[in-house]
J.: 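Have a look at this one.
Source: prediction; values computed, not measured. Computed over heavy atoms, backbone and side chain alike; hydrogens, waters and symmetry mates excluded.
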Number of protein chains: 2
Amino acid sequence: MPTIDTREKILKSSLRLFSQKGYIGATTREIARDACVAEVTLFRCFESKERLFEEVLNRYSFVPELEIIIKEIKQMPYEEAMYYFAIRFYDGLKSRKDIIRIIQTEVYRYPDKIANLYHSMIDSIIMTLANYFSEMQQAGILRFFDVKHAARGLMGLVFSVFNMQELLLRSKYRDDVEIDIIKSLVNIFVRGTLR
Amino acid sequence: MPTIDTREKILKSSLRLFSQKGYIGATTREIARDACVAEVTLFRCFESKERLFEEVLNRYSFVPELEIIIKEIKQMPYEEAMYYFAIRFYDGLKSRKDIIRIIQTEVYRYPDKIANLYHSMIDSIIMTLANYFSEMQQAGILRFFDVKHAARGLMGLVFSVFNMQELLLRSKYRDDVEIDIIKSLVNIFVRGTLR
DNA sequence: TGGCATAGTAAGTAAGCACTTACATTACTA
DNA sequence: TAGTAATGTAAGTGCTTACTTACTATGCCA
């Protein structure tokens, strides 16, 4: 049985290279070299390239952190809560850049494995966020609108900023501070949802 | 010199297969078979797989249609204009699903060619839309906010709906009519930007 | 009808891929 | 110190890939 340390090194290199070159584009030879192990060691740790890929996906999930964030915002005033959520969500995306990129580029080719992971990531957040909006509507703070759609919208706003700023390495808007962009958009969202 | 018809058949099949399987995943053999030509014919039409890929990208652009849409909305009342833009934009994304998917999945691997295409697609729309918001602010209809950020936000909203609904084949929200989702979100956006 | 451009068929090349086998090396532990 | 588990080295297997070469078939126009 291979060492846990060896497995970790390989998983880490796999994350980076799958992210940069895609599943097909990243070769086992390259992953092994990057992890400073022999290629044969890779195949002693993981029975195939496909299994290795699956383990990478399971290893670096995103959901738990977001659940915590939504619990935290319940004690805050609405506008502050929205800023806080958006920024924490954005930071979460940033620190998970590699896995997000993998999901985004491979979701069509490995529908079962990746799509499930993707959906589990988003669905649980949308439902929790939608419940939050519902409570705020009941409390008379927010006007009535479709809460699930709004949850998706808010996440879509943040994600679109992340998508442009972090994944696409745009030159043009680099001078804008990302936080300012998010604040602008959250401000529109807040004004659009308040009673 | 090969026939234009032959080239078109190959380009069309390439679009589909690059979209479904990615640049590396789609083989020249498969593309040729799909286009009902011999593989050698493909190489007589396009000097390499990479050149073929570039020609696919140039062939199916998106910008001109959107420029037209933004011209159209200038005569409409604000709220109606936003609905109209969002829905036309959404339809445009839908009918260009294949090329959007290619851009999204290959943008990291072919930074120069694809990223430029992607940026030219988005930048020109953002600037035109931002100008529209500026004019509406001057006219006293909209409150003051960063118009470029808002333009990105609106496009981000529509794109996130497209992303979930069309690209990811989600099962859960399939019963929601996409138009309703867009209307919900545009409504929030409109209320958030009106004076 | 003859010639030329456009296509197809068939076979092959060189390289790269995931993955395997056989054996040598290291390091820890009993 | 002897044995065992984890790793490395080296070579190779069989398959697929992009791309090529040589030749043949087809259709169109002078």
Side-chain angles (χ1 to χ4, degrees), chain A residues 1-59 98 102 105-106 108-114, chain B residues 1-59 98 102 105-106 108-114:
Chain A
M1 285 291 107
T3 299
I4 289 179
D5 185 58
T6 305
R7 283 180 62 91
E8 283 305 310
K9 281 191 327 194
I10 295 172
L11 283 171
K12 203 175 157 192
S13 294
S14 300
L15 175 66
R16 250 218 8 246
L17 289 168
F18 282 142
S19 169
Q20 280 172 20
K21 313 197 162 191
Y23 175 74
I24 306 181
T27 69
T28 52
R29 187 170 310 168
E30 203 177 3
I31 292 168
R33 197 194 314 128
D34 187 89
C36 296
V37 298
E39 195 183 357
V40 73
T41 302
L42 184 150
F43 284 103
R44 281 195 273 243
C45 289
F46 306 91
E47 69 182 23
S48 68
K49 186 185 181 184
E50 195 170 342
R51 283 284 308 147
L52 169 59
F53 184 60
E54 285 178 46
E55 296 216 28
V56 169
L57 292 183
N58 294 330
R59 190 86 181 58
D98 283 341
I102 292 178
T105 57
E106 305 291 339
Y108 316 113
R109 269 128 237 171
Y110 301 87
D112 291 348
K113 292 154 202 160
I114 308 220
Chain B
M1 288 289 107
T3 298
I4 290 180
D5 184 57
T6 305
R7 282 180 63 91
E8 283 305 311
K9 281 191 325 193
I10 295 172
L11 283 170
K12 203 175 155 191
S13 293
S14 300
L15 174 66
R16 252 220 6 248
L17 289 167
F18 282 142
S19 169
Q20 279 172 19
K21 314 199 161 191
Y23 174 73
I24 305 181
T27 69
T28 52
R29 187 171 311 167
E30 204 177 1
I31 292 169
R33 196 194 314 127
D34 188 90
C36 296
V37 298
E39 195 183 357
V40 72
T41 302
L42 184 151
F43 284 102
R44 280 194 275 242
C45 289
F46 305 92
E47 69 183 22
S48 68
K49 187 185 179 183
E50 196 170 341
R51 283 284 308 148
L52 169 59
F53 184 60
E54 285 178 45
E55 296 216 27
V56 169
L57 292 183
N58 294 331
R59 191 83 182 60
D98 283 341
I102 292 178
T105 57
E106 305 291 338
Y108 315 113
R109 270 130 237 169
Y110 299 87
D112 291 349
K113 292 154 201 160
I114 307 220

J.: Tell me whether the OP1 or OP2 atom of D:dA6 has a side-chain N or O from A:T6 closer than 4.0 Å.
T.: no

J.: Examine distances only and state if a side-chain atom of B:K49 and a backbone atom of B:T27 form a donor-acceptor pair shorter than 3.5 Å.
T.: no

J.: From C-beta outward on B:S48, which listed nucleotide comes closest to its side chain: D:dT7, D:dC19, C:dT20?
T.: D:dC19

J.: From A:L15 CG over to A:Q20 CD, what is the distance, rounded to the nearest 0.5 angstrom?
T.: 10.0 Å

J.: Got a list of protein N/O to nucleotides 10-17 of chain D N/O distances below 3.5 Å?
T.:
none

J.: So A:C45, base contact, sugar-phosphate only, or nothing? Heavy-atom distance under 4.0 Å.
T.: nothing

J.: Tell me the interatomic distance from B:D5, atom CG, to D:dC28, atom P, rounded to whole angstroms.
T.: 13 Å

J.: Round to a whole Å and report the spacing from CD of B:E47 to P of D:dT20.
T.: 9 Å

J.: Can we say B:R51 and B:E55 salt-bridge, meaning some charged N sits less than 4.0 Å from an Asp/Glu carboxylate O?
T.: yes

J.: Working to the nearest 0.5 angstrom, can you tell me the gap between A:L42 CG and A:D34 CG?
T.: 11.5 Å

J.: State whether the side chain of B:R7 and the backbone N or O of B:C45 hold a donor-acceptor pair below 3.5 Å, judged by distance alone.
T.: yes

J.: Measure from CD on A:E30 to P on C:dC19 and round the result to the nearest Å.
T.: 16 Å

J.: Where along residues 11-18 of chain A does a heavy atom fall under 4.0 Å from DNA chain C?
T.: none

J.: Between C:dA7, C:dT20, D:dC19, which nucleotide gets closest to the side-chain atoms of B:T41?
T.: C:dA7

J.: Would you please classify the geometry between the B:F18 ring and the B:F53 ring as parallel, tilted or perpendicular, with 30° and 60° separating the classes?
T.: perpendicular

J.: In whole angstrom, give the distance that lies between atom CD1 of B:I10 and atom C1' of D:dA18.
T.: 15 Å

J.: If you apply the rule side-chain contact (heavy atoms from CB on, under 4.5 Å), what do you find for B:K12 with B:R59, and how did you get there?
T.: CA-CA 10 Å; B:K12 203 175 155 191; B:R59 191 83 182 60; over 6 Å; no

J.: Which distance, rounded to the nearest 0.5 Å, do you find between the CZ of B:R33 and the OG1 of B:T28?
T.: 10.5 Å

J.: Whole angstroms only, please: what is the CG-P distance between B:L42 and C:dG8?
T.: 11 Å

J.: Let me know the distance between CZ of A:R44 and P of D:dT4, rounded to the nearest Å.
T.: 18 Å

J.: Starting from C1' on D:dC19, measure out to CG on B:L52 and report it in whole angstrom.
T.: 13 Å

J.: Using 4.0 Å as the upper bound for N to carboxylate O, is an ion pair formed by A:R16 and A:E30?
T.: no

J.: Roughly, in whole Å, what's the span from NZ in B:K9 to P in C:dT6?
T.: 15 Å

J.: Can you identify which nucleotide, out of D:dA18, D:dA6, C:dC19, has its nearest atom closest to the A:F43 side chain?
T.: C:dC19

